[in-house]
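When reading the values below, keep in mind they use all heavy atoms of this one structure, side chains included, and skip hydrogens, waters and symmetry mates. Quick note: residue numbers are just sequence positions, from 1.
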Amino acid sequence: MTNYTPHDYLRIFSRRKWLIVSVLLTCVASAWALAEFLPKRYKSSTLIVVESQKVPESYVKGVVTGSVQERLGTIRQLVLSRKILTQVIEEVGLASERQKEDSIDDILESLRKNIEITTSRDEAFSISYRNESPVTAMKVTAKLAELFIQENLRNREQLVERATEFLLGELNMAKEELEAKEKAISEFKLRYMGELPGQIEANLRALDRLQTEVATRSETLHKLNDRLDSIEKAIKEYQTTGSASIPLPLRPTTRSARLKEMESRLATLSATYKDTYPDIILLKQEIARLKSLPPESDASEESLTAASGTEQKASNNPVLRELLRQQREVKSEIETTKDALNRLNAQIKIYETRVENTPVREQQLATLMRDYENLQRNYQALLDKRLNARIAENLERKQQGEQFRVIDRANLPDTPEWPDKFRFLMAGLAVGCGLGFGSAIFLEQLRVVFQDAEEVERILGISVVGTVPDFSLAYGTVFGKLLKSEGHLPLPSPQSEAVASEPQHPTTLQASWKSLAAWGNERTPSGKRGGTKEAHPRYHHELNFVTRWKPASVAAEQYRVAATRLVLMSGHRKSTVVLVTSTLKGEGKTSSALNLAYVLAHDLGKSTLAIDCDLKHPKLGRYAGLPEGPGLAEVLRDNVPANSCIQSLNGAPLSLLTGGSAKYPVQLHQIEKLQSLLETFRDHHDFIVLDTPPVYPVADVNMLVNMADVLVLVIRAGNTPRDLAKRALSALKSKQEKTALLTGVRSQDAPHYLQEGYYVQPRAKSL
């Protein structure tokens, strides 16, 4: 794929302008015809605005939230629902307008395709409908808006009612779960009473008190044991010696005294502790036991009588009797103290167990309370939502909530919405431009020929010494036509040739060109332009000698550029042989060889010899306006002296050796004689220009190529095939320098700097 530059596209447009214009006009005309004859559709629209609820949302939150854009999908489904569309079909009578064989589903599908819903503002949307009839389009649009508003109001009321019912059910379920959780918490507290986290401080205080009480009881028990030992020792001593060494106890010995002591202690403990306190319970039990005993004297006598003989002996002894009584009381107190210690230790274990289980119960209770709090929050949220739903329901019933109101009613369209002629024409213009340019570029791709110097250098890999535009740029429109004719042209007279050879004054030939223009407009007896042979005896081939007849033209200037580069390429050579050839016939080879030789001689002052080596089709002499013979053919074939065949051109140091007569062909082995002739010519000429046959289909150039120092391959723009030129260049296997000369560049393809001459032209009348 060729990478085109913007300038390339301009040149393609210039070359293919009529193709592009014709395709463009065809597409525009087709688009206009389509817009004119296609069935027309009319579009009717209505604008519906969403009005917010009358009560501020900070007081009552609406059921439907979000913007119109967010709810456009729901609105679209509601408008295009089967229920609404069926009502529209029945009320507007669309079914009667359709064919009888169309089913209701087909009508609904067609209706949906022609309905359009779009948002026009933040809180508004439009409903549009297209139809072949403008009245039907207006009726359907108005009915759609009406049914939509009614259906939307009904759906909102149903939505609020369903929301209220749903919230009520959820609220009842949440209430049941909350009550169940409350019951579970209550049962847990009853089951683990005393082990709850809030009772840890009381348990610790009770545990401290019990431990203190145990210490006190233990000390009392120790004292009682010591006293019992003292009493038993005193009894034994008294029985042995008759006297006791211990004093009588100081504590009360009578029952009434002990009762008073215990009641006083009970009063003290009751002022501090509750009745369930263990010490209070023990004191009450002891007081009850003492009160249940018989009088003290009776009990003493019965106990003394029931005692052993020793006790009987001591019954009359008050000291011994008192010691025995105290022994019994101390033993009784010891048993009572031990029982109290056992009960206290049991209570200590209970409280210690409670303290140990408190963390576990705390975790279990925290889990229950967390679930309870969540249920409570959920219940409260549902309660608030149900209350808001009930208020919203009343709001919708009183039509104080969000409402839809028609701002712009359905219009009656007076112009069809489709087809849009302007858009069709723009589309036809775009398609035409695309197809036109695409076709032009496609055809350019099919034409695998050279178009500019850049392509030549890129594909062939050789430099281009010059880019010669088409000679029509030099001669104008009339002379461009004459170049293609077979007529005769009135070239300037010989008296003006010397003047014509001076490029700095190109306008001196205007008088001669006037007669040439008059001849171009002269009509022959058959009615054609171009004059007759009898009127002008000189042929048009001489117009190819553009550097002589149009020295101020751009084409002549490009030949000067090419000749100057050839001089630079020759370097320090004393004489340089330049071989000019082409790939095929008709690429400007002969005219290029003649013009290059003329510029080398006339403009650059080089002694130049031009030799026409195209012996099968010699034209160099005709282009130069010289007779064809005798020439090179006679030199090689008939051994005619070369100096006698060389002709000079007036006004320039240019010599020409024409091709001679082509009636009798020159054999290939005879062409080898040219090698020795060139050695002779080198001594007298700075440049020798060989006009050789084209590479295809003649084989002469293969023998001539090794005789030259510089090879110039002439390529005609828009005509020379790329692949053929590449093969031709490869076929010319030689070591000389190779370059190319691009000719025939059309005016539309030529760069802008090649479309105008550099010389200042004096103002003259038009030819």
Considering all heavy atoms, the nearest K550-A556 contact
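Closest approach of K550 to A556: O-CB, 3.3 Å.
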Output yes when a side-chain donor or acceptor of S591 lies under 3.5 Å from a complementary backbone atom of G588, and no otherwise.
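Side chain of S591 to backbone of G588, a donor-acceptor pair under 3.5 Å: yes, one is there.
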Are any of the side-chain heavy atoms of E36 and K421 separated by less than 4.5 Å?
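In contact.
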Please check if the side chain of E457 supplies one atom and the backbone of V464 the other of a donor-acceptor pair under 3.5 Å.
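Indeed, once roles are kept as given, a pair shorter than 3.5 Å links the two residues.
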Hey, what do you get for CG (L34) to CZ (F424), rounding to the nearest 0.5 Å?
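Result: 6.0 Å between the selected atoms.
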Are the side chains of V23 and L19 in contact, using a 4.5 Å heavy-atom criterion?
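The answer is yes; the side chains approach within 4.5 Å.
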Which atom of A35 lies closest to which atom of P419, heavy atoms considered:
O-CG, 3.3 Å
For T467 and Q558, which I'm curious about, is there any donor-acceptor pair between the side chains at under 3.5 Å?
no
Would you say that more than 12 heavy atoms from the other residues, nucleotides or ligands in this model lie under 6.0 Å from the CZ of R409, or not?
no
Is there a side-chain contact between E151 and L147 (heavy atoms, below 4.5 Å)?
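They are not in side-chain contact.
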Using ring centroids (six-membered ring only for Trp), state whether F148 and F125 fall under 6.0 Å.
yes
d(I117 CD1, Q77 CD) to nearest 0.5 Å is 10.0 Å
Nearest 0.5 Å please: distance from the CD1 atom of I104 over to the OG1 atom of T86.
5.5 Å
Whether R162 and E165 form a salt bridge (side-chain N of Lys/Arg under 4.0 Å from carboxylate O of Asp/Glu) is what I want to check.
no
N411 side chain to S45 main-chain N or O, any donor-acceptor pair under 3.5 Å?
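Yes; judged by distance alone, with no hydrogens or angles, the pair exists.
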Quick one: are V135 and L412 in side-chain contact, heavy atoms under 4.5 Å?
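The answer is yes, as the side chains (C-beta and beyond) meet within the 4.5 Å cut-off.
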Only one of D470, T720, V714 forms a side chain to side chain contact (heavy atoms under 4.5 Å, CB included) with T743, so which one is it?
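When side chain to side chain contact (heavy atoms under 4.5 Å, CB included) is applied between T743 and each of D470, T720, V714, only V714 qualifies.
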Does T141 reach the main-chain N or O of S44 with its side chain, forming a donor-acceptor pair under 3.5 Å?
yes
Do F450 and I459 have side-chain heavy atoms sitting under 4.5 Å apart?
yes
Which residues pass the side-chain contact (heavy atoms from CB on, under 4.5 Å) test with E179, sequence neighbours left out?
K175
State whether a side-chain donor-acceptor pair under 3.5 Å links E182 with Y372.
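Yes, because at least one side-chain N or O of E182 sits under 3.5 Å from a partner of the opposite role on Y372.
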Check step by step if salt bridge (Lys or Arg N to Asp or Glu O under 4.0 Å) holds for R386 and E170.
CA-CA 9 Å; R386 180 176 178 274; E170 292 294 322; over 6 Å; no
State whether the number of non-hydrogen atoms from other residues, nucleotides or ligands found under 6.0 Å of K385 atom NZ is greater than 12.
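Counting other residues, nucleotides and ligands, NZ of K385 stays at 12 neighbours or fewer.
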Just how far is it from atom CD of E91 to atom CD of E146, taken to the nearest 0.5 Å?
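One finds 7.0 Å between CD of E91 and CD of E146.
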S30 side chain vs T26 backbone, donor-acceptor pair below 3.5 Å
yes
Side chains of T118 and S126: donor-acceptor distance under 3.5 Å anywhere?
yes
What is the distance from atom CZ of R727 to atom OH of Y696, rounded to the nearest 0.5 Å?
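Output value for this atom pair is 5.5 Å.
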Could you tell me whether the side chain of V140 reaches within less than 4.5 Å of the side chain of N131, counting heavy atoms only?
no
Under a 3.5 Å cutoff, is there a donor and acceptor pairing between the side chains of S592 and Y559?
yes
How about K43: does its NZ atom have over 12 heavy atoms from other parts shown lying under 6.0 Å from it?
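Yes, because the 6.0 Å sphere around NZ of K43 holds more than 12 heavy atoms from other groups.
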For A740 against V456, the heavy-atom pair lying closest together
CB-CG1, 3.9 Å
Shortest non-hydrogen contact from Y129 toward A137
CD2-CA, 3.6 Å
Tell me whether R423 at atom CZ has more than 12 heavy atoms from other residues, nucleotides or ligands lying less than 6.0 Å away.
no
Would you mind reporting whether S81 and I84 have side-chain heavy atoms less than 4.5 Å apart?
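Yes. Closest side-chain heavy atoms under 4.5 Å.
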Between L742 and A717, what is the shortest heavy-atom contact and its length?
CD1-N, 3.9 Å
Any side-chain to backbone donor/acceptor pair from T46 onto I127? Under 3.5 Å, distance only.
no
Tell me, with the steps shown, if L85 and Q87 meet side chain to side chain contact (heavy atoms under 4.5 Å, CB included).
CA-CA 5 Å; L85 295 183; Q87 287 183 288; over 6 Å; no
Using the side-chain hydrogen bond (donor to acceptor under 3.5 Å, both in side chains) rule, pick out the option among K40, R41, R130 that qualifies with E417.
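Between E417 and the candidates, side-chain hydrogen bond (donor to acceptor under 3.5 Å, both in side chains) is satisfied uniquely by R130.
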Applying side chain to side chain contact (heavy atoms under 4.5 Å, CB included) to L729 and I462, what does each step give before you reach the verdict?
CA-CA 10 Å; L729 190 64; I462 59 177; 4.0 Å; yes
Does any part of the side chain of I149, heavy atoms only, come nearer than 4.5 Å to the side chain of V406, both counted from C-beta?
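Contact flag for V406/I149 side chains = yes.
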